[in-house]
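Everything numeric here is computed off the predicted structure, so don't read it as measured data.
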Amino acid sequence: VQLQASGGGLVQAGGSLRLSCAASGRTFSTYAIGWSRQAPGKEREFVAAISWSGDGTYYADSAKGRFAISRDNAKNTVYLQMNSLKPEDTGVYSCAATFILGARSDNAYRYWGQGTLVTVSS
């Protein structure tokens, strides 16, 4: 499966963005999908993940209550709705696919897409 993230941009603190992860391939619905981000000078960190059916969602503590992950398997797309954005949410957001439910470690993800840059100004 091939993945492509989009929807990043510049937003003021307190604003919202919706990221999309579009996938190619007929097997998309068999993969769990996760979002991770990498801030400048920092290691990549887990943000959120969703099961293949969409019934299971998982969040980093920093994302709980502000971000919502969802998927539309008919459109081969996973979304990350980000609200109440903070400057510390700035980074390159990437989506990735795995067969492991609720995976939070980079090593668990098999396929990665190119990221999209999110910049939150204060």
Peer 1: Does R104 reach the main-chain N or O of Y59 with its side chain, forming a donor-acceptor pair under 3.5 Å?
Peer 2: yes

Peer 1: May I have the step-by-step check of side-chain contact (heavy atoms from CB on, under 4.5 Å) for S29 and W52, ending in yes or no?
Peer 2: CA-CA 5 Å; S29 62; W52 40 86; 5.8 Å; no

Peer 1: Looking at side-chain heavy atoms only, is the closest gap between L80 and V47 below 4.5 Å?
Peer 2: yes

Peer 1: Do F67 and I50 share a hydrophobic cluster, counting only Ile, Leu, Val, Met, Phe, Trp and Tyr and linking them when any side-chain heavy atoms are less than 4.5 Å apart?
Peer 2: yes

Peer 1: Assigning hydrophobic clusters by single linkage (Ile, Leu, Val, Met, Phe, Trp, Tyr; side-chain heavy-atom cutoff under 4.5 Å), is Y58 placed with L19?
Peer 2: no

Peer 1: Please check if the side chain of T116 supplies one atom and the backbone of G8 the other of a donor-acceptor pair under 3.5 Å.
Peer 2: yes

Peer 1: Using every non-hydrogen atom in the two residues, find where W35 and C21 come nearest and quote the distance to one decimal.
Peer 2: CZ2-CB, 3.5 Å

Peer 1: Which pair of heavy atoms, one from G115 and one from S94, lies closest together, and at what distance?
Peer 2: CA-OG, 3.6 Å

Peer 1: Hey, is the main chain of A97 close enough, under 3.5 Å, to the side chain of R110 for a donor-acceptor pair?
Peer 2: no

Peer 1: Check whether any side-chain N or O of S105 sits under 3.5 Å from a backbone N or O of N107 as a donor-acceptor pair, and report yes or no.
Peer 2: yes

Peer 1: Of all the heavy-atom pairs spanning L117 and V92, show the shortest one and how long it is.
Peer 2: CD1-CG2, 3.9 Å

Peer 1: Would you find a donor on one side and an acceptor on the other, under 3.5 Å apart, between the side chain of T77 and the backbone of K75?
Peer 2: yes

Peer 1: Starting at CD of E43, measure out to CG of D106 and round the result to the nearest 0.5 Å.
Peer 2: 9.0 Å

Peer 1: Does the side chain of Y79 come under 3.5 Å of the side chain of R18 through a donor N or O and an acceptor N or O?
Peer 2: no

Peer 1: To the closest 0.5 Å, what do you measure between CD (Q4) and OG (S20)?
Peer 2: 11.0 Å

Peer 1: If you take all heavy atoms of T98 and I100, which pair is closest and at what distance?
Peer 2: OG1-N, 2.9 Å

Peer 1: I'd like to check I33 versus R71 (side-chain heavy atoms, cut-off strictly below 4.5 Å). Are they in contact?
Peer 2: yes

Peer 1: Quick one: sort the Y31 and Y111 rings into parallel, tilted or perpendicular, breaks at 30° and 60°.
Peer 2: perpendicular

Peer 1: Is there a path of hydrophobic side-chain contacts, each under 4.5 Å between heavy atoms, that joins F46 and W112?
Peer 2: yes

Peer 1: Could you tell me whether a side-chain N or O of N76 sits under 3.5 Å from a main-chain N or O of G25, the two making a donor and an acceptor?
Peer 2: yes

Peer 1: Rounded at 0.5 Å granularity, tell me how far OG in S16 sits from CZ in R66.
Peer 2: 10.0 Å

Peer 1: Going through the checks in order, is the side-chain contact (heavy atoms from CB on, under 4.5 Å) test met by M82 and D89?
Peer 2: CA-CA 9 Å; M82 305 188 296; D89 293 318; 6.0 Å; no

Peer 1: Measuring only between side-chain heavy atoms, which start at C-beta, is E45 closer than 4.5 Å to R37?
Peer 2: yes

Peer 1: Is it true that a side-chain atom of Y109 and a backbone atom of A103 form a donor plus acceptor pair closer than 3.5 Å?
Peer 2: yes

Peer 1: For the atom pair OG (S6) and CD (Q114), what is the distance rounded to the nearest 0.5 Å?
Peer 2: 11.5 Å

Peer 1: For S51 versus D55, what's the shortest heavy-atom pair and its separation?
Peer 2: OG-N, 3.3 Å

Peer 1: Do the charged groups of D61 and K64 touch, with an N to O distance under 4.0 Å?
Peer 2: yes

Peer 1: Just how far is it from atom OH of Y93 to atom CD of Q38, taken to the nearest 0.5 Å?
Peer 2: 12.0 Å

Peer 1: If you round to the nearest 0.5 Å, how far is CG of L10 from CG of L17?
Peer 2: 9.0 Å

Peer 1: My understanding is that only one of L3, N73, D72, I69 makes a side-chain contact (heavy atoms from CB on, under 4.5 Å) with V78; could you say which?
Peer 2: I69

